[in-house]
Amino acid sequence: MPKWEYLFVRFDYFAGDLCVHSANGQELRNEQKKQPLYDYSNQMGEQGWEMLNFNFTPAYGYGFLTFKRLKLDQEE
């Protein structure tokens with residue numbers, strides 16, 4: 001049976017663009033933190049993550065992305 005791992009990313013509206021803020025509740029380093037959303041999403045795609053969901057509420061100025069990828073067991 002396949003196992004999945006998930007990545008929840010918060011992003012903020014900053015200086016006219018949507019930029020990543022944190023991943024799985026941990027704040028990202030400065031060089032990643034203000035990265036445009038499309039760059040970050042493409043990097044995650046290169047690492048095998050598939051975006052499942054995009055949720056943005058302009059009134060709050062932030063939103064969330066949900067990614068998943070196949071979890072590799074250590075025993076395999």
Can a salt bridge be assigned to the pair E5 and R69 using a cut-off of 4.0 Å between side-chain N and carboxylate O?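 The answer is yes: the pair qualifies as a salt bridge.
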Quick check for you: to the nearest 0.5 Å, what is the distance between [X] atom [atom1] and [Y] atom [atom2]?
X	Y	atom1	atom2	value
D17	D12	CG	CG	11.5 Å
L7	M44	CG	CE	6.5 Å
Y38	C19	OH	SG	9.0 Å

On the ring face of W4, is K68 found with NZ or CZ under 6.0 Å from the centre and within 45° of the axis?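 Ring-cation test returns yes.
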Donor-acceptor pair, N24 side chain versus F8 backbone, under 3.5 Å? yes
Is there a side-chain contact between F67 and S41 in this structure, where contact means two heavy atoms from C-beta onward sitting under 4.5 Å apart?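 Result yes, sub-4.5 Å side-chain heavy-atom pair found.
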Do L70 and K3 come close enough that some side-chain heavy atom pair is under 4.5 Å? no
For the student: nearest non-hydrogen atoms of L37 and F11, plus distance: CD1-CB, 3.7 Å
What pairs of donor and acceptor atoms, side-chain ones from residues 47-62 against any protein atom, are under 3.5 angstrom apart with sequence neighbours left out?
none

Side chain to side chain contact (heavy atoms under 4.5 Å, CB included) between L28 and H21: does it pass, once the steps are laid out? CA-CA 6 Å; L28 299 174; H21 178 269; over 6 Å; no
